[in-house]
Amino acid sequence: MHRLSFIYLLFIIYYLYTPQSLRAEEQQTTFPIVYDFAQAADVSGKYSTQLMGGARLTTFAGHTLLDLGQGDGYADLGADFGAAVRSISGDYTISVTLHVPSQTSLAANGNFIWCMSRSSTNGYLFLSAKDTRFAITKKSWSNETSVGANEPLPRGEWVTLTYVQSGATGTLYVGTEAKAQQTVTLHPADLNQLRNNYLGRSPYDGDVLLRGARYADFRVYDEAINAAELQRLADIAQSLNHLPSDVAIAMDAEELTLPSSINNLYEGVTLPLMGSYGSAIAWRSSDAGLLSNDGQVVGEPAQTRTHVTLTATITNGSEQRQKQFDVYVHKKDSPYSHYLFTFFPSNSDENIYYALSDNGYDYTTINNAQPVVLAKQRTVMGGLRDPHILRGQDGRFYMVATDMKCSLGWESNRGMVLMRSDDMIHWQSSTVHFPQRYAGTYLAKVIRVWAPETIWDAEVGKYMIYFSILTNDGTVTYDKVFYAYANDEFTDLEGEPVYLYDRGSATIDMNIVYNDNDHLYHAFYKNEGSGGICKVTASSLTAPSGTEGTQWSQPSGTLQQTSEAVEGAGVFRLINSDDWILMYDCYMNGHYQFCSSPDLTNFTARQNTATSGSFTPRHGTVIPITEDEYQRLKTMDFTDGIDNHMVNPQSSIFNGQCFDLSGRRVSVTQRGVYVVGGKVKIVQ
């Protein structure tokens, strides 16, 4: 073959089989690359942008913007843009002008302003709003080189953030002020191919998106810009922060909201006094003797829910507007006064323990730090884990737990234990062993039936039990949440479990609560593998047959207020309070973290409760209890409850066979069958 023909053939092969984004790295890129969001591309039209999850282009005060919205919006800048950034091996600048609403929480992992990455483990560079930090790495988070201000991004105002790399020095500017400076030797050209390039999203699954953010300008230079250019960029934010009064007041009126707790207000609500665009906000209550002008409950409601109108007067310059909110002040009429924490303490002690609290945050183990429910005689596998306790509609208590012994392996779990009690001391007990209960179906092939929980389904009038499962026959290839209804005796599941939800990869430790304030079910779960706790919401627990799982919203970002590994989310409402509590086990750091929220959406870390001594909870749940229940549990000797407990004679523990104390086989009904000192006794 002629040499020129051979070279030409090689060129054709390269062109046909080399991805476009890789070829783009060798093409000449014209810098700066500028986005003004007048179109779904940069101003040259070369780098197309995909708007994802509800993000949209809009206008504001004569400026074109990218608006990520309050859902899961972000912008995907494309692989060709990433290839252009990766061509930079010397000095460079990345600048962005954006606005993050004052109500957006920046505490959780994620909240990335921009990010260019191969993946979360193979290299990226980003700018985070959580701590106003630039970082670059060839691998993952543990190898990051950072330049950060160590404080959240200013919210409620337009801000220009600019990272400038000059030689081996990286400087992060807020406006024209240098907030941080560090030695940085990595450049985009040192990284792997940058395939995932986002505004408002990180490369880590489960990280929270930058909700509500709006972008006015984003650009990349292949040089370290000078002071004059830095000032010109900062002026973009300044012009947006000084809007005409009529525009500013309209925006502040539109953004002004109050949490859903105002539908059942016990203590009070925080009222904003300043809008994001500089408008002053004054408040007036229609009944200041019940609800003060600053939003605090100061009187006793005449009815269980008493209506009050809160009026906001919004002022900006000579402009003025009003906005009204209907508030319902609720009587502090809860019959409960204390809290019960039900948990198992460790992988070497898989039994159920109780701890009590006066405030919902600090707990003391009872029964001389001994278990109150033993796994022995109640389980197939030998361990009781992940107990979930529920106060039922009928006044009884219902508890479900994972039937598993850790020493047998994480894939040794084949079912669950169902328990019912009148007093939280004596528990009727049954097992649901899937290989036996569902013999001949794919459910007999389970290797995990994890963390069952119970909730009352008012639409059906039954107790729903939900749990995650994994099978070894290829039917359920990763942990997904299923559900089934308990029978009337709470001794078995009715029918075959039905699919409920998964996030597209392993989803475990689901905890569902119903919020009267917004009339939604909130389902919290752990992102197994990638970490973090997220949630979805629905107006109904189940979907019509054939559409299972479609009732749920898009998942939230991660809700935990820590960078530590977490699991076992539990949600409960404080007694006579506007606050919900989200608690979770920081299992590698020796504490439980408790966070509060008025709306089950925005969470604030309140307390880290040490797990030490006799109080070492693993994946437990909390319910409120009465003063009488508190006193009885606090002083009760649980020996009777442990040694003498009612069991279901059809349970696989006894395989339907029971014997009296003389050893004679007997036929029994469910009621009147007890275990006494490890032996079955028939009580006539």
Side-chain angles (χ1 to χ4, degrees), residues 52-55 68-74 101 103-105 107-108 110-111 201 205-212 257-264 388 390 451 453-460 464-468 480-483 498-505 507-528 532-544 547-561 566 568-574 578-584 595-604 621:
M52 313 295 289
L68 299 186
Q70 292 297 327
D72 296 308
Y74 66 96
Q103 64 267 29
T104 296
S105 172
N111 284 305
R201 176 181 170 177
D205 291 337
D207 270 7
V208 68
L209 279 70
L210 190 57
R211 283 181 169 77
T257 60
L258 294 178
S260 63
S261 60
I262 63 173
N263 292 314
N264 284 289
H388 177 266
L390 174 75
E453 297 200 2
T454 307
I455 188 171
W456 174 253
D457 187 342
E459 293 182 16
V460 178
M464 172 194 280
I465 301 177
Y466 54 94
F467 42 88
S468 62
K480 300 182 180 182
V481 183
F482 282 66
Y483 75 91
V498 177
Y499 170 75
L500 183 64
Y501 177 76
D502 76 89
R503 66 189 176 100
S505 55
T507 306
I508 66 170
D509 294 357
M510 181 168 277
N511 178 238
I512 306 176
V513 296
Y514 181 73
N515 185 2
D516 283 319
N517 293 341
D518 59 17
H519 308 294
L520 291 175
Y521 292 95
H522 295 248
F524 297 78
Y525 58 87
K526 179 188 177 185
N527 303 306
E528 181 72 347
I533 292 167
C534 297
K535 73 158 186 170
V536 288
T537 60
S539 58
S540 175
L541 276 172
T542 60
T547 63
E548 285 79 11
T550 60
Q551 70 272 34
W552 299 107
S553 68
Q554 289 295 310
S556 70
T558 52
L559 300 174
Q560 73 276 8
Q561 304 298 298
V566 299
V571 180
F572 62 96
R573 189 165 186 167
L574 289 179
D578 303 312
D579 282 336
W580 290 84
I581 298 299
L582 166 64
M583 66 177 193
Y584 38 78
C595 304
S596 67
S597 171
D599 53 12
L600 289 177
T601 298
N602 301 293
F603 290 90
T604 301
T621 49

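- Contact between Asp599 and Pro259 at its shortest, heavy atoms only, is OD2-CB, 4.1 Å.
- Checking Val498, Ile455, Ile465 one by one against Tyr483, the side chain to side chain contact (heavy atoms under 4.5 Å, CB included) holds for a single residue, Val498.
- The distance from the CZ atom of Arg573 to the OG atom of Ser596 is 12.5 Å, given to the nearest 0.5 Å.
- Of the inter-residue distances, the one linking Glu528 atom CD with Arg503 atom CZ reads 8.5 Å to the nearest 0.5 angstrom.
- Contact between Gly73 and Leu209 at its shortest, heavy atoms only, is O-CD2, 3.6 Å.
- Under the 30°/60° scheme for interplanar angles, the aromatic rings of His519 and Tyr514 are found to be tilted.
- Within the model, atoms CG of Asp518 and CG of Asn264 stand 10.5 Å from one another, a figure rounded to the nearest 0.5 Å.
- Tyr466 and Glu453 share a side-chain donor-acceptor pair at under 3.5 Å.
- The heavy-atom pair separating Gly549 from Ala543 by the smallest distance is N-CB, 4.2 Å.
- Within the 6.0 Å centre-distance limit, the rings of Tyr525 and Tyr501 are counted as a close aromatic pair.
- Shortest non-hydrogen contact noted between Glu548 and Gln551 is C-OE1, 4.3 Å.
- Here the shortest heavy-atom pairing between Leu541 and Trp552 reads O-CZ2, 3.9 Å.
- A pairwise comparison of heavy atoms in Asn527 and Cys534 identifies ND2-SG, 3.2 Å as the closest pair.
- Taking the six-membered ring where tryptophan is involved, the planes of Phe524 and Phe603 are perpendicular, since the angle between them exceeds 60° and thus also 30°.
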